[in-house]
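Working notes, beginning with the structure itself.
Bear in mind the structure is a predicted one, so any value in this text is a computation, not a measurement. The figures here come from the full heavy-atom set of this structure, side chains too, leaving out hydrogens, waters and symmetry mates.
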Amino acid sequence: MATKICERPGCGAPRVVANNPRTPWLAAADEHDHLLGEVARRVDAILLVTRHDRWPAPELDALVRYLRDQVLPHAEREERQSWAAHVSPSQRLRLGRDHDRLRAATAVLSRADAGEGNRSPAQLAATARSLLIQFRRHLTVEAQVLAETPASG
C-alpha cells in the first residue's frame, strides 16, 4: 500500500505556482509537496522489497541519489535564502536541527548503499521509514513557520 503523503489535492505532483511576495510559503509548499512525494515513492519501493527480506540495492541507490541531488541542495538553499529573510533566529535554529538530522539520516543510508554497516533489510526499512516521517514532520513545521511569518515589503 502506498504511503499517504498529504491531504491536499494533487499533492506530490509538480506544479508551477506564481511566487506571490505576500505568500512566500505558497511556492515553497508546492515544491515541498513534490520533494516529499518523490522521497515517499522511493521509500515505498524500499519497503516493498524489504518486506520479502531482500536487500533493495537499486531502490536504496535511487533514494540516496535523490536525497543528495535534490533534497539536501534544496535544504541548503532554504537556509541561505528563504530563512534568512523570513524566519526568526530561534526558528532557524529549530529548522536547522531538522536539516542536520536529515543530513545525518542521508549519511546513514549512503553508508548502507555503499555496503557498510548492518545489512539487515528490516533495519534498513526502519531507517527509511523514519527518514520519511522525519522529513514529513519537518516540512509541516516549516510550512507553519513560513505561513505565520508576516509578509515583508
With rounding to the nearest 0.5 angstrom, report the CZ to CD1 distance, R137 to I133. 7.0 Å
Please say which of I46, D113, V64, D44 ends up in a side-chain contact (heavy atoms from CB on, under 4.5 Å) with E59. I46
Closest heavy-atom pair, A125 versus T50, reported as atoms and distance to 0.1 Å, is CB-OG1, 3.4 Å
Would a 4.5 Å heavy-atom cut-off, applied to side chains only, mark V71 and T106 as touching? no
W55 reachable from L47 in the ILVMFWY side-chain graph, under 4.5 Å edges: yes
To the nearest 0.5 Å, atom CG of L36 lies from atom CZ of R41 at 12.5 Å
Assess the residue pair H74 and H34 against the criterion (side-chain contact (heavy atoms from CB on, under 4.5 Å)); give the C-alpha distance rounded to whole Å, side-chain angles, the decisive distance to 0.1 Å, and a yes or no. CA-CA 12 Å; H74 174 81; H34 178 70; over 6 Å; no
D98 vs E142 side-chain heavy atoms within contact, under 4.5 Å: no
Does any donor atom in the side chain of Q134 or H138 lie under 3.5 Å from an acceptor atom in the other side chain? no
Rounded distance [0.5 Å steps], OG in S120 versus CG in D53: 7.0 Å
Specify the closest pair of heavy atoms between P121 and R54, including all atoms of both residues, with the distance to one decimal. CB-O, 3.6 Å
Check whether more than 12 heavy atoms from other residues, nucleotides or ligands sit under 6.0 Å from atom CZ of R103, and answer yes or no. yes
To the closest 0.5 Å, what do you measure between CG (L139) and CG (L95)? 10.0 Å
Decide yes or no for L131 and V39: does some side-chain heavy atom of the first lie under 4.5 Å from some side-chain heavy atom of the second? yes
In Å and rounded to the nearest 0.5 Å, what is the OH to CG distance from Y66 to L72? 11.0 Å
So R77 and P73, do their side chains get closer than 4.5 Å, heavy atoms only? yes
Do other residues, nucleotides or ligands put more than 12 heavy atoms under 6.0 Å from R101 CZ? yes
Distance-only, no hydrogens or angles: does the R42 side chain make a donor-acceptor pair with backbone N or O of E38 under 3.5 Å? yes
What distance do E31 atom CD and D33 atom CG have between them, rounded to the nearest 0.5 Å? 10.5 Å
So which atom in L124 and which in P56 form the shortest heavy-atom distance, rounded to 0.1 Å? CD2-CG, 3.5 Å
